[in-house]
Structure formats: C-alpha cells, structure tokens
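Below is one structure, written out as structure tokens; the observations come after it.
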Protein chains: 2
Amino acid sequence: MTDDTRQNILAAAEALFLSHGYHGSSMRQIAKQAGYSAVSGLYNHFGNKEALFEALIQDRNPYQDVLAVLAEVEGQDGPDLLRNAFAALQAVFVDYQTFLKLLLIDLNEFEGRFVRAIWGEVMPEVLRFAQRVRQAGGIRQDVALPLMLQAFGGLLISSMVANAVASGLLGQAAPSDETVIDVLIEGLAVD
Amino acid sequence: MTDDTRQNILAAAEALFLSHGYHGSSMRQIAKQAGYSAVSGLYNHFGNKEALFEALIQDRNPYQDVLAVLAEVEGQDGPDLLRNAFAALQAVFVDYQTFLKLLLIDLNEFEGRFVRAIWGEVMPEVLRFAQRVRQAGGIRQDVALPLMLQAFGGLLISSMVANAVASGLLGQAAPSDETVIDVLIEGLAVD
DNA sequence: GTCTATACGGTGATAGAC
DNA sequence: GTCTATCACCGTATAGAC
C-alpha cells in the first residue's frame with residue numbers, strides 16, 4: 001500500500017475515533033470517510049479494527065519528540081535541568097493533546113498494550129535523563145531516583161490533564177498554571 | 001425493585017465491566033451472570049446499558065469516604081495536615097482500586113460525565129480543606145491555592161496509578177513508594 | 001412487576017463475483 | 001478496488017405469560 005492511502009485511512013480513523021470513540025466509530029463509517037464505498041476496501045489495507053488502531057497509535061505518538069527533548073535539554077544544575085525539561089515536555093504535549101484521547105482508548109480497550117510498548121522504548125532515555133539531573137548537582141541525594149521520577153511525571157501528567165480539561169478536550173474549563181514544577185523543585189533542591 | 005435484585009445486577013455488571021470492559025460486556029452476558037435467562041429481565045430494572053453503568057458508578061464511588069477524610073483529618077500545622085490527608089486518602093483509595101477502571105470507562109465512553117457530577121459535590125469540601133491548610137500555618141503564602149491543589153492531586157493520582165500498575169490492574173509491575181508527598185511538602189514549607 | 005421469547009437494525013469480519 | 005451475501009453477536013423494543 002502506498003503511504004498516501006495509508007495516511008488517508010489513518011486520518012479518517014483518527015477523526016472518527018476522536019469524535020465518537022472507538023466503538024462509536026464503525027469500520028463502515030471509517031471506510032466511507034476515507035473515500036471507499038465498501039468496507040472491504042479497508043480490510044485490504046488493515047487486517048482488522050485493532051490493527052488499524054495500533055497503526056494510528058504508532059503513527060501519532062510523541063515518541064520521537066520526547067526522546068529529542070530528553071537527549072538535548074540543557075541546564076546549569078539539577079534544578080535547572082528539571083525546570084527546562086518540564087517546560088520543553090509541556091510544549092511538546094501541547095501539540096499532542098489529541099493523543100491523550102488515543103491513550104485513553106488504549107488503556108480502556110487494550111489494557112494500555114500499545115502505549116506500554118512505546119513506553120518501553122522511552123524509559124531507558126528517561127533513566128539516563130534522571131542520572132544526568134542527579135550528576136548535575138544541586139539535588140538532594142537522599143531522594144531516590146524512582147521517587148523523583150514519579151513526582152516529576154505525576155506533576156507533568158496533572159499539568160497535561162489540567163491543560164486538556166481547560167481546552168475542553170476531556171471536560172469543563174479549569175485554570176491552568178505553568179509553575180507547578182517550581183514547588184517540586186523547591187522540595188528537591190539542596191538546602 | 002428490591003435492593004437485593006439491584007445489588008445482584010450491579011455485582012454482575014461490575015465483575016464483567018472490570019474484566020472485559022464496557023463494550024466487551026454484553027447485556028446478555030450480564031443478564032446471564034445475574035441469573036436471568038433473558039436480557040429483558042435486566043431492562044425491567046435499568047432502562048439501558050448506560051443507566052446500568054451510571055448506577056454502578058453512583059454505588060461504587062469513594063465519595064463518602066473522601067468527604068469524611070477531608071472533614072475529619074487533623075494536623076498541628078499546614079504540612080502536617082497535608083501529610084495526614086495524603087496518607088488517609090491513599091488508604092481510602094486502596095479500597096477503591098477497582099473504581100479506577102470504572103473511572104477510565106466513564107472518561108472514555110461518557111466523556112467523564114458521571115465522575116464529574118460526583119466531583120462537583122466533592123470540590124467544595126476540597127476547597128474548604130485547602131483553606132484549612134493555609135490557615136494552619138507553616139505553608140508558603142506565595143503559592144496559590146489552585147496550584148497547591150493541582151500539585152497535591154497530581155501526586156495523589158500518580159501514587160494511585162503507580163499502585164494500580166504495581167497490583168497489575170492496569171499493566172505490569174512497578175515499584176511503589178509512599179513518601180512522594182514529602183518532597184512536595186518540603187517545597188511548600190516556609191523556609 | 002417480573003420474567004421469557006422473539007424480532008429489528010446495527011456491528012466486525014469473511015467470502016466470492018466482477 | 002467494487003459490489004453483494006452471509007455470519008454471529010450487539011443494544012434495544014415489544015408482546016405476552018405468570
């Protein structure tokens with residue numbers, strides 16, 4: 001299959017999945033939206049609905065951008081690194097807000113199978129970043145690395161969710177604040 | 001309908017929703033599990049599948065327990081209050097781990113409609129708790145209340161998710177740590 | 001009221017003719 | 001690529017028995 005037809009189908013599937021959910025979007029609807037007049041046209045390119053969704057997750061995830069941020073972020077010390085990485089990741093996720101919905105679908109329908117596969121590839125780079133933070137200095141050494149990452153990730157997620165809620169993606173409006181990480185950094189910094 | 005038949009149906013629906021998801025659990029399966037030989041037996045008690053799910057969310061949510069914790073938690077100062085509330089809420093959510101899955105279903109299938117309704121009743125008490133924390137002293141006054149709540153909630157959620165992942169509810173195992181809140185409190189405390 | 005039996009249009013998916 | 005059937009299953013509605 002050419003890359004054009006593939007992207008055409010993925011775009012149709014994405015639009016429907018985002019607006020009507022996974023089970024709310026039928027293969028017949030996706031086929032129609034993609035310009036086919038019969039469902040079989042879809043099954044010529046993707047084995048089944050699940051394979052179509054997996055292709056969508058593989059194509060739309062922020063994997064590359066997150067890896068780039070973690071590898072290239074700079075800072076004078078640990079707190080500076082954390083602050084810069086947090087801001088850079090927030091900026092990345094602004095462009096991937098719709099991916100949040102795909103992630104939810106993955107969690108619900110496939111027990112997070114597809115996102116976990118991607119996470120497996122990102123995790124090594126995350127650990128490498130955490131070690132960079134620790135070695136850059138200015139961070140309390142009595143805080144374990146997993147604990148620091150859980151706090152960092154939790155705040156990042158809560159910031160993304162607050163952002164998504166504010167933009168009406170998942171619910172109703174709520175005020176967003178970009179400095180939530182500063183409180184954590186204050187707690188992590190050496191006295 | 002008697003409370004027995006109601007709880008019988010809810011238990012059957014919960015077991016199936018948790019193990020096979022919302023669309024993976026058919027009304028026929030639920031009816032069978034609840035002891036009926038025809039689907040219609042279900043429709044005598046719940047108007048449709050969505051109403052059945054809503055009743056389940058209403059019946060299984062931690063609303064009462066969370067309200068009780070927020071109203072009754074004590075502490076010598078702000079940091080102490082935050083620490084005690086965090087621990088108490090963590091303890092509550094241990095008993096409601098399966099509710100996480102119902103929450104996910106609500107987010108995915110109903111845009112979080114049912115959980116938002118519950119949240120609307122909890123929020124006033126949450127704000128009252130935040131003001132108690134601030135007035136109890138020992139907390140930086142330059143940190144806005146919504147920011148403090150977002151950080152507190154984000155860490156609570158990340159702790160719950162880490163717990164759920166560790167228990168295999170949502171995915172594969174990961175180490176859990178109960179002191180993630182201490183880092184935040186360190187950042188919130190007055191110098 | 002509570003249960004059973006049956007029926008309707010939709011679904012994901014397959015098979016075959018053009 | 002298109003059409004058309006066909007399959008089992010889905011949520012739901014209805015008619016009727018006790």
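Not measured: the values here are computed from a predicted model. Each chain gets a letter, A, B and so on, in the order the sequences are listed, and its residues count up from 1.
When rounded to the nearest whole Å, the span between CG of L16(B) and C1' of dG11(D) equals 15 Å. Between H20(A) atom NE2 and dT11(C) atom P the separation is 12 Å, expressed in whole Å. As a whole-Å value, the separation of L42(B) CG from dA13(D) P is 13 Å. Atom pair Y22(B):OH and dG11(D):P shows a separation of 8 Å (rounding to whole Å applied). Atom-to-atom, NE2 of H23(B) to P of dC10(D) comes out at 13 Å; the value is rounded to the nearest Å. Put simply, CE on M1(B) is 8 Å from P on dT2(C), counting in whole angstrom units. As a whole-Å value, the separation of F46(B) CZ from dG11(D) P is 15 Å. If you measure from atom NZ of K32(A) to atom C1' of dG10(C), you get 14 Å, rounded to the nearest angstrom.
A donor-acceptor contact shorter than 3.5 Å is absent between the side chain of E125(B) and the backbone of V122(B). At distances below 3.5 Å, at least one donor-acceptor pair connects side-chain atoms of N84(A) with backbone N or O atoms of E74(A). Between the side chain of D59(A) and the backbone N or O of A55(A), no donor-acceptor pair lies under 3.5 Å.
For K49(A), the side-chain atoms get nearest to dA13(C) when compared with the rest of dC3(C), dT12(D), dA13(C). Nearest nucleotide to the side chain of Y43(A), out of dT14(C), dT4(C), dT2(C): dT14(C). Proximity note for S40(A) (side chain, C-beta onward) versus dT2(C), dA15(C), dG1(D): the nearest is dA15(C).
Contacts of V39(A) with the nucleic acid, taken as non-hydrogen atoms under 4.0 Å apart, are absent. Across all strands shown, G41(B) has heavy atoms under 4.0 Å from base atoms, whether or not it also approaches the sugar-phosphate.
We find that R113(A) and D106(A) are not joined by a salt bridge, their nearest charged nitrogen and carboxylate oxygen being 4.0 Å or further apart.
For the pair K49(A) and Y43(A), the NZ or CZ position fails the cation-pi test of under 6.0 Å to the six-membered ring centre and within 45 degrees of the ring normal.
Applying the 4.0 Å criterion to OP1 and OP2 of dG1(D), one finds that Y36(A) has a side-chain N or O inside that range. Residue H45(B) has a polar side-chain atom (N or O) positioned under 4.0 Å from OP1 or OP2 of dC3(C). The phosphate of dC10(D) (OP1 or OP2) has a side-chain N or O of S26(B) nearer than 4.0 angstrom.
Both T5(A) and S25(B) lie near DNA chain D, and the one whose nearest nucleotide falls closer to the 5' end is T5(A). Place Q29(A) and G47(A) on DNA chain C by their nearest nucleotides, and Q29(A) ends up nearer the 5' end.
Interface remark: the R28(A) side chain does not form any donor-acceptor pair with the dG10(C) base, using a distance-only criterion of under 3.5 Å.
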